[in-house]
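Working notes for the structure below.
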Amino acid sequence: MGILLGQLAVCVTDCWETESPLIPAVLLLLAAFSAKNASRAGAVLIWLAVPVFGLVLGAGASELRFQWLTPRWETPRPELLLIFLLPCAAVFLNREKGKLPWLLPAIVGFSALLLSVWIRGSLTPETESSLYEYSKGISLFGITERFDSLLSCTLTAGWFALFGVLLSAAGCLAERIRSGWGQRGVWYCAGLAIAVLISGIRLTGSVVLIVSVLLWAAVPLLARFNAQTKKSKKSKNNT
């Protein structure tokens, strides 16, 4: 988890067009302090992100071109597939039981899809598809321009929320290993992430993806299968 966080933290520098590790390192420290309340922090920050994203998308609506939405059959970068693994960390967060527990993830997923399609349709095929790049060329009523600074702050807040969730997951895993290790696991994970970030060690996207799939999917599923097998054998022996 710490190595993955260190790799993800590098992406924060893209929001500010800088290579300094200071901003992501500070975010990791702040996220470690708030890991106990990661879900609450995300719930608060979403009310900041939604209006800003809505304002930015609305201001650039005139740039939308449906011909730019033509799919291009290109092989995606391996690390992009990590996005589908990130929701797995949510199983470690405390949540209240509700009638529609799937509703919020469905809304978030649909919003992310809409945001991606909107941005891709507003940029020429030769331009790198990113929300930050999209914000550079828009204005609101011809008065307010350069949304990129506002967007950088909002995206940074989003990274902070993500780091908090992952650090919270690391703490929960450490607590399962040994009672009382939860907070220690959070800080160990954050420290490892900062060390990876500052050291400049960068793993390829394929390596990060393969290791993440093994540790986040294959190993937990195998462990659960073995536990169920042992439980089934024990019940048979008792009968």
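Computation of the quantities below employed the complete heavy-atom set of this structure, encompassing side-chain atoms and omitting hydrogens, waters and symmetry-equivalent molecules.
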Which atom names give the shortest non-hydrogen contact between [X] and [Y], and what distance separates them?
{"X": "Leu167", "Y": "Ala190", "value": "CD2-N, 3.7 Å"}
{"X": "Val10", "Y": "Thr13", "value": "O-OG1, 2.5 Å"}
{"X": "Cys11", "Y": "Trp159", "value": "CB-CZ2, 3.5 Å"}
{"X": "Ile46", "Y": "Pro51", "value": "O-CD, 4.3 Å"}
{"X": "Ala49", "Y": "Thr154", "value": "CA-CG2, 3.7 Å"}

Practice item. Sort and list the pairs that fulfil ring pair (Phe, Tyr, Trp, His ring centres under 6.0 Å) and have at least one residue in residues 182-203, not counting sequence neighbours. Key: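 Listed by first then second residue: Phe33-Trp187.
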**Study point:** Other residues, nucleotides, ligands: >12 heavy atoms within 6.0 Å of Leu27 CG
**Key:**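 Result for CG/Leu27: enclosed.
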Exercise for review: Could you tell me which residues satisfy side chain to side chain donor-acceptor pair (under 3.5 Å) with Thr156, sequence neighbours excluded, listed by chain and number?
Suggested key: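 Listed in chain order: Trp16.
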side-chain contact (heavy atoms from CB on, under 4.5 Å) partners for [X], two or more places apart:
{"X": "Ala9", "answer": "Pro24, Leu28, Phe163, Leu197"}
{"X": "Ala174", "answer": "Trp181"}
{"X": "Leu22", "answer": "Ser20, Val26"}
{"X": "Ala157", "answer": "Leu45, Leu48"}

Review point. Side-chain heavy atoms under 4.5 angstrom apart, residues restricted to Ile, Leu, Val, Met, Phe, Trp, Tyr: same cluster for Leu166 and Leu29?
Key: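 Result: yes, single cluster for both.
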Review point. Mind checking whether Val44 and Leu155 sit in one hydrophobic cluster, side chains of I, L, V, M, F, W, Y counted as touching below 4.5 Å?
Key: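 Looking at the clustering, Leu155 is in a separate group from Val44.
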